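I have placed the structure first, in the form of structure tokens, so that the comments after it can refer back to it.
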Amino acid sequence: MPEVKEFQAETKELLNLMVNSIYTHKDIFLRELISNASDALDKIRFLSLKDPTILQNDSELQIRIEIDKDNGTLIVQDNGVGMSYEEVVENLGTIAKSGTKNFLKQLKEAESENAVINLIGQFGVGFYSVFMVSDKVTVETKKWNEENGVKWESDGSGTYSIQKCEKGKRGTKIILKLKETLEEDENYLDQYKIQELVKKYSNYVKYPIKMKWEEEVEKGKIKVTDKTLNSMVPLWNKGKEEITQKEYNEFYKENFYDWNDPFDIIHFKAEGTTVQFTALLYIPSRMPLTFFSKDHKKGLNLYSKNVFIMENCEELLPDYFGFVKGLVDSPDFSLNISREILQKNNQLKIIRKNIERKIIDTLKSRLENEKEKYEEFWKEFGKVIKAGLYQNIQDKEKIQDLLLFESSLSEDHMTTLKEYLSRMKENQERYIFYAVGRNRKAIENLPQMESFKEKGYEVLYLTDEIDEFLIKLLHDYQGKEFKPISSSEIKIDNTLKEKEEESKDLLIKIKEHLKDKVKDVRLTDKLKDSPVCIVSANEAVSLNMEKTLKNLEQLPFEAEKILELNPNHQIFKILQEIYNKDPDSEELREYSEILYNQSLLLEGLEIEDKSELAKQITNLMLKANK
Ligand code: ADP
Ligand code: MG
């Protein structure tokens with residue numbers, strides 16, 4: 001005779017919640033059952049290590065799913081350890097897990113659906129999730145070393161019945177009488193739906209999950225075969241030396257939607273005291289087309305003991321490595337853990353730190369040993385690293401040595417900051433020089449580059465829009481400050497002050513002529529072949545940054561400009577002569593404006609009055625040919 005027992009009070013409350021659940025992720029019940037079956041198989045396999053005869057008559061460890069459309073039942077069974085009578089009462093009648101009381105207290109106080117999902121995520125409800133989809137659940141189980149089986153049955157309300165029963169084979173069979181109120185997309189009697197769920201959540205469970213599969217071979221003729229639904233091999237659990245490069249690559253392409261082999265693979269296990277996990281990470285070789293679109297989801301997939309928990313877990317990756325793909329498997333996470341809970345999870349933070357360090361080490365070693373390959377990688381993902389570092393400048397020390405820049409040194413190779421430092425000239429004590437422009441050519445045409453080239457100073461070329469913003473935030477590298485080549489703080493010619501004193505009146509006059517356009521007119525020692533250049537009066541906002549910010553509509557004001565003249569240029573001497581003859585000469589006004597416009601052109605800036613400039617040039621040509 002079956003014995004009828006009441007569920008423990010807390011269990012009742014929990015069941016009540018599950019049955020009337022506002023929790024919408026019903027699909028997960030199957031994952032929970034398969035994960036329990038897999039645990040039970042692990043246990044029997046472990047026992048059989050000592051005593052192989054345990055498996056004698058039933059040696060193929062497996063999970064079977066059966067669909068019984070006539071009765072509206074779904075059956076999940078395993079040949080694992082099984083449970084004794086007492087164990088059934090203990091495991092399926094109470095919530096023995098610690099913190100349950102606390103869980104229920106919080107559950108009662110939870111106000112929204114999200115809050116409930118969070119709590120379920122935090123504590124896990126495992127087996128009881130079957131009552132979200134079933135009117136009645138029957139468990140038949142036989143412990144491996146017992147004579148008799150046990151039958152447990154409940155509709156998930158207040159009580160369950162339990163009795164001894166006949167059961168030939170070791171293991172557990174769970175029979176779900178499915179609710180009739182399930183939605184159309186919750187048809188758990190459909191073999192395709194079951195296959196989909198197994199592939200999604202349980203694909204890497206290491207035991208075969210089998211099912212009778214119906215296939216129409218001819219019209220009206222159905223063939224039934226035994227089908228294994230999961231691919232089983234959780235590649236990440238194998239040792240590195242057991243896995244071929246090809247296997248790693250295939251796994252990547254199949255799971256992460258890329259046609260290209262990855263640039264690098266990072267596979268490691270951490271067996272610390274606070275957290276245990278395995279990570280299999282891939283650095284892609286190509287940027288996905290969707291990377292900068294809304295569709296792109298950053299993050300690693302999260303597993304617990306080969307069972308899938310969630311995809312794109314963002315918290316596992318820092319922004320600057322947002323392009324990394326892969327997965328983390330850790331037994332320390334509950335299957336139901338929610339994203340909200342994860343964000344606060346300490347173990348997750350430790351895992352993330354470990355992952356970050358491994359990625360940095362891997363990239364550094366590539367950079368040191370295979371610079372050319374690293375440059376290819378950088379061309380694809382350098383932007384992401386730079387943008388990520390810009391957002392997380394507190395990580396400067398960790399990331400700055402991964403940065404590459406173009407420089408005046410070589411057209412063919414980029415440079416690290418470390419390499420730049422090693423090549424600095426003896427008298428280049430304080431600054432790392434940089435120049436900003438659309439591309440290499442535009443920078444090399446900048447008038448200020450002339451003297452740097454002549455003196456042999458290396459200049460970093462910042463060609464990405466983000467570069468200058470990042471450099472400003474970085475401020476310095478190993479104590480050497482980043483300085484734009486236009487900076488007045490860089491002194492190349494010591495006699496500049498004297499020259500400026502000599503031509504003071506001329507400079508004041510030119511400034512008068514350009515009074516709406518520039519804040520100041522001064523001499524510069526950065527020019528060699530060009531007569532003029534234009535710089536920003538405020539080093540914090542260069543003229544190039546101004547262009548970018550204006551495009552983003554983030555700059556309400558215009559940067560003030562300074563016109564710089566080359567005192568050694570023939571043009572300067574002509575200006576001086578004109579001034580000496582007649583300080584108020586109209587010609588001087590015209591020349592000042594032409595020179596100003598010319599400097600805008602060279603800097604790649606917009607000419608304010610184009611027709612005026614055209615007129616001036618025409619006049620000049622007419623005069624020259626009089
Ligand atoms: P958890 O798996 O987190 O322990 P569950 O609610 O999923 O929690 O399961 C409760 C317990 O019931 C398990 O710990 C296990 O002892 C037992 N159990 C559940 N399913 C099986 C099974 N198929 N075979 C053996 N024991 C099981
Ligand atoms: Mg479980």
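Both counts, for ligands and for their atoms, begin at 1 and track the order of listing. Nothing here was measured: the structure is a model prediction, and the numbers come from that model.
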If I compare all heavy atoms of G72 with all of L189, which pair ends up nearest, and what's the gap? CA-CD1, 3.9 Å
Around K386, counting heavy atoms of other residues, nucleotides and ligands shown, do more than 12 lie under 6.0 Å from its NZ? yes
N-O pairing of E216 and K223 below 4.0 Å: no
Does ligand 1 have a heavy atom under 4.0 Å from the side chain of E87, from its backbone, from both, or from neither? neither
Check this for me - ligand 1, T172, N or O atoms closer than 3.5 angstrom, yes or no? yes
Which heavy atom of R170 sits nearest a heavy atom of I54, and at what distance? NH1-O, 3.5 Å
Under 4.0 Å from a heavy atom of A40: which atoms of ligand 1 are those, numbered in the order shown and with their elements? 24 (N), 25 (C)
Which is it for F127 and W152 under the ring pair (Phe, Tyr, Trp, His ring centres under 6.0 Å) test, yes or no, and what are the steps along the way? CA-CA 13 Å; F127 174 77; W152 177 101; 5.7 Å; yes
Is S35 close enough to the Mg ion (ligand 2) that one of its N, O or S atoms comes in under 2.8 Å? no
Where the closest heavy atom to atom 17 (C) of ligand 1 is concerned, which of D78, L33, L92, N91 has it? N91
Under 3.5 Å between some N or O of ligand 1 and some N or O of K43? no
Heavy-atom gap M83 to ligand 1 smaller than 4.0 Å: yes
Could you check whether the rings of Y252 and Y282 sit parallel, tilted or perpendicular, using 30° and 60° as the cut-offs? tilted
